[in-house]
Undergrad: 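Starting off with a structure, shown below.
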Amino acid sequence: MADADEDVMPRSGAPMEDIDLSEEVQDFRFLATATGNDVKIPKRGEKDFEPHATALQSNTLAASRQAMHNALSFERTHPPKLTAQATFHPESNMAYAYNPKGSPLFVRMGQVFTKGEDPIGEDGLRGQRMWFLPEEVIYLVERGTIDLRWPVTEDDEDGQGLPMSLQAAYAMFLGEHQALGGALTFERYSVFSGLKRAGYTVLRASSFAGPGPAPTPDCYPQIPQRTWQAGLLSLVWLKTIFMSPYKEDDTISSPSLPVPPGLYRNYVDIYRRLALIQWHDPTTSTAPTSPLSSASDNDIRVTWEVWKPGSSTFKKSDHGPPDFRIAVIDARDTMVPSLQQLSSLLETEKYDPPKTEDQLYQKLKHGYKNVILAVVDQGVVSYLRIFDAAFGREKLYERMGRGAGAKRGGRGGRGRGRGR
Amino acid sequence: MADDGSAKVEEPFAIFKLANHYMLYDVHTISHIRANHNIPGVLTGLLPQAPQQNVFSGVPLELMPEDARLLCEKGVAYIVDDVQAHKQGFLDRGLGEEGKRMYKEQLRRQGVSAAKAVQVRMEDRKVAAVKKVVAKGGSVGDWNDLPEDMLRPASRAGGGKMKKGRRQADSGTVTPEVEGANGDAVAPKVSAKTTEEEDESLFGSPMNSFPNKSLPLHSRDTSTASLRKDLEPYGITPATSYPPLTATPPPPRSRPATPSAAQLSHHQPSAQETSDLPEVPNEASYQLYRHMHNQGYFLTPGLRFGCQYTAYPGDPLRFHSHFLCRGLGWDEEFELGDLVAGGRLGTGVKKGWLLGGAEKKKDGMNGFGERRGEGAHEDGGMGTHDSNDGDREDGQKDEVRVFCVEWGGM
């Protein structure tokens, strides 16, 4: 019976928003409906099971392929005068543009360097010169926002370099970049581009190119917060003291029997005595006295800091803490991360406890620290959220004892403790 | 099926390698391998006409190393070191004066035709908008029938230029959604034109400072005047660098099926290309990959579904995938838990979990019947099916055997 339930549950219970259309190859004939002002997302599952050699099927396939071919043949054009023209700078492997205009994208991309930092140096135009990082350049070229040029040589009589193709941008900013020891990999760019397309603001994290800074104090539970939580806990204790006159027995541990014979007036006492296994409590973790060595040689590092699309207060110079932090992993040469790797990755994350008034499952899913892994398998990106959950803190029996949330107390009313 | 422009592709074609990834940028090649070699690849780029979505992707196309290896083994493709080629061609001026000039000329022609296309589209849209207004109300139609010159202020010297600039502003964003918005916006402007024109004639102030208002004023005479004008070419960002760069295929190998011999006998024809076969991360998985490919399956990277390759019975554009594939060595041990987990995983997404590897064969042992791994399974347990297909087209024994596991809901 339980198995039957399991079979039915995911199908009937899967909410619509869980369906991710990008998961499977979609029919390009629907591209027209996916663009424009009223976006109609193509329906899923309008594919066939297998080829059956009918003319209808092969015609449909041919139409899909033609639609795809047409969509991919799109030419990136730049109207004169309005173009943001950028120039490749091989020495720094970046590109620069003078006063780029024409796209709202420049509000959140690019930077003007100070006198000492500018790779070209102070030449009077430095203030107008906006530099773009490799990932930004490729993204802007792909979008058709900038007209990227090769550096000007003396035999370019019109004073402009040759136009740089998309392929050239990939070759120079990804291939050559990596050859020069740059930290931007294909996988990282895939994630960057995917997030940008979804509207997020994405910036390099401090640990982009190497080990980031050591964990800051806000990576650990803060002292005032802890006393406040202890206060809540003490309330719970107060309650249990009321309910169990044998509270003081808790401290007397019997090594032979977890539950010595005696008088028990409720199950909570027994459950508490049965809790023999040590559990991980993220709220009590403190900064280590000596800096962790494992954090420095961890090969999984946070790569991108991501802000949600809606944040209107975002400024390039002064952005708040990111909404998400993402670590990119290449699936082809990385194994499943070990607990140690994940721990040292989470070590540098901000301490972010769940709200105390949340439901038990929400609390468990929120965790106390979290980070997102983006696993890239040959251009296909999967996102996983890793969090530091504290199962030991959410005691099922206490919740049942208080009667709160009893509606989830058991499938089909089998929960025995219900209603007490 | 093959009429989608793929006929133009000459084999062998170049696969561009950079940072250990195999890429294709030319749309014809992309369509070609899809239609003729059953390799879909993964589109990783952004579609400039629909930049804010992740459902449809664009050029470039990324190939798995297995894809690249297979195409090279077949002798229909070769690998080009793209970084090296670009550095030589552009930064070290390997392109030469002539190549550069031709490249510029070609881009200029493309730019002009792009500008023309945009202009024609604008005209069409304006005509359509005016027609809409005329159809809507008769009185407005009368206004529109007035000759253009009548209400035009005298100081119009800068008008032509301005108008052009404005039109370019409109067409500057050539993405369809923006165009759609513009098309909608033109209609109310035209309908408001009459009042604007009156304003202009009353106050005699040239509206040059408001180029957005001067646009509708010229909506009709442009078709006669500016089409003939010499158009300033649009800037073009081509998707591929070939041409102007040229890639020369390595000399054909005598026996494409034996890579090691070819590799040894091969000498480097030029610095910008290597005909070394691409390395695959796992030889055992590649055996399975090649086997499935020879069976006519389309294979894509499968980690998202918890496997190595997802196998589609036809083009993934049209068909759902059937199998989640995992390649193993013939004597390689794996945990029983993997079998259970894989079987459940596959059944959960209505696919078969398939594992296979190249059989270490003794002579003459080929006694398994030919059954394909889908279909009925025994009730109440895991059904396994094996398949062993005989000769490949090229006469070489394909000794890979595959097993498909389904979870039978005990």
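Residue numbering restarts at 1 for every chain, and letters A, B, ... go by the order of the sequence lines.
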Undergrad: So, A:Asn93 versus A:Glu176: side-chain donor-acceptor pair below 3.5 Å or not?
TA: no
Undergrad: Please tell me whether A:His89 and A:Ser92 have a donor and an acceptor in their side chains that are separated by less than 3.5 angstrom.
TA: yes
Undergrad: Specify which of B:Ser57, B:Gly89, B:Gly41 makes the most heavy-atom pairs with chain A at under 4.5 Å.
TA: B:Ser57
Undergrad: Between A:Met164 and chain B, with a heavy-atom cut-off of 4.5 Å, which part of the residue counts as in contact: side chain, backbone, both or neither?
TA: backbone
Undergrad: Tell me, out of A:Gly144, A:Pro163, A:Ser382, A:Gly199, who's got the most heavy-atom pairs with chain B below 4.5 Å.
TA: A:Pro163
Undergrad: Of the backbone (N, CA, C, O) and the side chain (C-beta and beyond), which part of A:Ser165 lies under 4.5 Å from a heavy atom of chain B, both, or neither?
TA: both
Undergrad: Below 4.5 Å from any heavy atom of chain A, which atoms of B:Lys87 appear? Answer side chain, backbone, both or neither.
TA: both
Undergrad: At a heavy-atom separation under 4.5 Å, does B:Val59 approach chain A through its side chain, its backbone, both, or neither?
TA: both
Undergrad: I'd like to know which of B:Ala114, B:Gly314, B:Pro60 tops the heavy-atom pair count under 4.5 Å against chain A.
TA: B:Pro60
Undergrad: Hey, do the aromatic rings of B:Tyr242 and B:Phe16 have their centres closer than 6.0 Å?
TA: yes
Undergrad: With a 4.5 angstrom heavy-atom cut-off, could you sort out which part of A:Ile138 is near chain B: side chain, backbone, both or neither?
TA: neither
Undergrad: Counting only non-hydrogen atoms closer than 4.5 Å, does B:Tyr22 touch chain A with its backbone (N, CA, C, O), its side chain (CB onward), both, or neither?
TA: neither
Undergrad: Please state whether the side chain, the backbone, both or neither of B:Pro65 comes within less than 4.5 Å of a heavy atom of chain A.
TA: both
Undergrad: Would B:Arg34 and B:Asp315 pass as an ion pair if we require N to O under 4.0 Å?
TA: yes
Undergrad: Of the listed residues (B:Leu107, B:Leu43, B:Asn20), which shares the most heavy-atom pairs with chain A below a 4.5 Å separation?
TA: B:Leu43
Undergrad: B:Tyr234 and A:His78: aromatic ring centres closer than 6.0 Å?
TA: no
Undergrad: Does the distance from a Lys or Arg side-chain N to an Asp or Glu carboxylate O, for B:Arg101 and B:Glu105, drop under 4.0 Å?
TA: no
Undergrad: Between B:Tyr309 and B:Tyr289, is the ring centre distance below 6.0 Å?
TA: yes
Undergrad: Name the member of A:Gln378, A:Met172, A:Arg76, A:Gln167 that forms the most heavy-atom pairs with chain B at distances under 4.5 Å.
TA: A:Gln167
Undergrad: Taking side chain as everything from C-beta outward and backbone as N, CA, C, O, which of these in B:Pro281 sits under 4.5 Å from a heavy atom of chain A? Side chain, backbone, both or neither.
TA: side chain
Undergrad: Could you have a look at B:Thr44, B:Asp26, B:Ile30 and say which one has the most heavy-atom pairs with chain A under 4.5 angstrom?
TA: B:Thr44
Undergrad: With a 4.5 angstrom heavy-atom cut-off, is it the side chain or the backbone of B:His86 that approaches chain A, or both, or neither?
TA: both
Undergrad: Tell me, out of B:Ala239, B:Pro40, B:Ala115, B:Pro233, who's got the most heavy-atom pairs with chain A below 4.5 Å.
TA: B:Ala239
Undergrad: B:Leu61 versus chain A, heavy atoms under 4.5 Å apart: side chain, backbone, both or neither?
TA: neither
Undergrad: Check whether A:Ser58 reaches the backbone of A:Ala55 with its side chain - one donor and one acceptor, N or O, closer than 3.5 Å.
TA: yes
Undergrad: With only heavy atoms counted, which part of A:Tyr189 is less than 4.5 Å from chain B, the side chain, the backbone, both or neither?
TA: neither
Undergrad: Check the side chains of B:His322 and A:Glu50 for a donor-acceptor pair under 3.5 angstrom, ignoring hydrogens and angles.
TA: no
Undergrad: Going by distance alone, is a donor N or O of one side chain under 3.5 Å from an acceptor N or O of the other, for A:Arg197 and A:Ser193?
TA: yes
Undergrad: Is B:Leu303 in contact with chain A via its backbone, its side chain, both, or neither, using a 4.5 Å heavy-atom distance?
TA: both
Undergrad: How about B:Phe323 and B:Tyr297: are their ring centres within less than 6.0 Å of each other?
TA: yes
Undergrad: Sort out for me which of B:Ser241, B:Gly58, B:Pro301 touches chain A most, counting heavy-atom pairs under 4.5 Å.
TA: B:Ser241
Undergrad: If the threshold is 4.0 Å, N to carboxylate O, is there a salt bridge linking B:Lys17 and B:Asp82?
TA: no
Undergrad: Below 6.0 angstrom between ring centroids: does that apply to A:Phe192 and A:Tyr200?
TA: no
Undergrad: Side chain, backbone, both or neither: which part of B:Thr310 has a heavy atom under 4.5 Å from chain A?
TA: neither
Undergrad: At a 4.5 Å cut-off on heavy atoms, which part of A:Pro90 comes close to chain B: side chain, backbone, both, or neither?
TA: side chain
Undergrad: Do the numbers put B:Lys351 on top of the ring of B:Phe305, so that NZ or CZ is under 6.0 Å from the six-membered ring centre and no more than 45° off the axis?
TA: yes
Undergrad: Report which part of A:Val375 has an atom under 4.5 Å of a heavy atom belonging to chain B: side chain, backbone, both, or neither.
TA: side chain
